[in-house]
Amino acid sequence: MSSSTQRQRIRRTPSDRRAEIVDATATVAPTEGLECITLRRIGEQLDVRPDLISHRFPAVEDLAAEAFGTAAGAELDTLVPTDRAAGTPTEHLACFFALATGAAYDDISRLRINARRLSRYRPVSHDRVGHQEAL
């Protein structure tokens, strides 16, 4: 009899697993940088084998680009909400700058700069960065 305990495995739908992988990558990328994203690193973050990550994302560049899009999109949703309270454009701009210059957005700002730099060499990142800039 083995003395090790096995953890309960939870089978997720492919879309849920994909979202979990992207979310984990989006939390790692702002602090460590997009070039540090590896299948092994994200596997460690999720406590799964890297093969599971590569099954959903055969190329790590695709994973990094999607994680950037997720992180940048979440930031944009917070900074420029679609449902704004009543106010003047000047008040909305003041609110935007108050939020964007806070310490909470330092990591995402570095991530945007990092993604912009990498987009020169990675076509998938180039498309994702261009889309985020257009938004």
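Predicted, not measured: the structure shown is a model, and the values here were computed from it.
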Participant: Taking N114 for its side chain and L34 for its backbone only, find out whether a donor-acceptor pair lies under 3.5 Å.
Facilitator: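 Judged by distance alone, yes, a pair lies under 3.5 Å.
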
Participant: When rounded to the nearest 0.5 angstrom, what is the spacing between CG in D62 and CZ in R122?
Facilitator: 10.5 Å

Participant: Please examine the side chains of L52 and R17, heavy atoms only from C-beta on, and report whether any two atoms are closer than 4.5 Å.
Facilitator: yes

Participant: Cut-off 3.5 Å, side chains only: do T13 and D16 have a donor facing an acceptor?
Facilitator: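 Checked: T13/D16 side chains pair up, N/O donor to acceptor below 3.5 Å.
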
Participant: Run the salt-bridge test on R112 and E133 with the 4.0 Å N-O cut-off and return the result as yes or no.
Facilitator: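 No.
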
Participant: Could you give the distance from CZ (R116) to OG (S125), rounded to the nearest 0.5 Å?
Facilitator: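 These two atoms lie 11.0 Å from each other.
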
Participant: Tell me whether the count of non-hydrogen atoms from other residues, nucleotides or ligands lying under 6.0 Å of NE2 in H55 goes above 12.
Facilitator: no

Participant: Where is the tightest heavy-atom contact between Y105 and A100, given as atom of each residue plus distance?
Facilitator: CB-O, 3.8 Å

Participant: Closest approach of V124 and A65, non-hydrogen atoms and distance?
Facilitator: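 Reported closest heavy-atom pair: CG1-CB, 3.4 Å.
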
Participant: What about I108 and I113, same hydrophobic cluster or not, with Ile/Leu/Val/Met/Phe/Trp/Tyr joined at side-chain heavy-atom distances under 4.5 Å?
Facilitator: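 They do not share one cluster, since no chain of ILVMFWY contacts under 4.5 Å joins I108 to I113.
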
Participant: So, do R110 and D106 sit near enough that their side-chain heavy atoms are less than 4.5 Å apart?
Facilitator: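 They are in contact (side-chain heavy atoms under 4.5 Å apart), so the answer is yes.
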
Participant: Hydrophobic clusters here meaning ILVMFWY residues chained together by side-chain heavy-atom distances under 4.5 Å, can you tell me if L39 and V22 are in one?
Facilitator: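 In one cluster with L39: V22, yes.
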
Participant: About how many Å separate CD1 of I53 and CD1 of I21, when rounded to the nearest 0.5 Å?
Facilitator: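 One gets 4.0 Å once the value is rounded to the nearest 0.5 Å.
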
Participant: Which distance, rounded to the nearest 0.5 Å, do you find between the CG of L118 and the NE2 of H126?
Facilitator: 12.5 Å

Participant: Ion pair present between E35 and R117, side-chain N to carboxylate O less than 4.0 angstrom?
Facilitator: yes

Participant: Checking S54 side chain against F57 main chain: does a donor-acceptor pair fall under 3.5 Å?
Facilitator: no

Participant: Any idea which heavy atoms bring V129 and S119 closest together, and the distance?
Facilitator: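 Between these two residues, the closest heavy atoms are CG2-CB, 4.1 Å.
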
Participant: Quick one: CZ on R18 to CZ on R56, what's the gap to the nearest 0.5 Å?
Facilitator: 8.5 Å

Participant: Looking at G69 and Q132, what are the two nearest heavy atoms and their distance?
Facilitator: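 Answer, listing the atom of G69 first, then Q132: O-NE2, 3.5 Å.
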
Participant: Any side-chain heavy atom of C95 sitting closer than 4.5 Å to one from L99?
Facilitator: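 Yes - at least one pair of side-chain heavy atoms lies under 4.5 Å apart.
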
Participant: Give the C-alpha distance, both sets of side-chain angles, the deciding distance and a yes or no for side chain to side chain contact (heavy atoms under 4.5 Å, CB included) between L46 and I42.
Facilitator: CA-CA 6 Å; L46 292 173; I42 302 307; 4.2 Å; yes

Participant: Please round to the nearest 0.5 Å and tell me the distance separating atom CG of L93 and atom OG1 of T88.
Facilitator: 9.5 Å

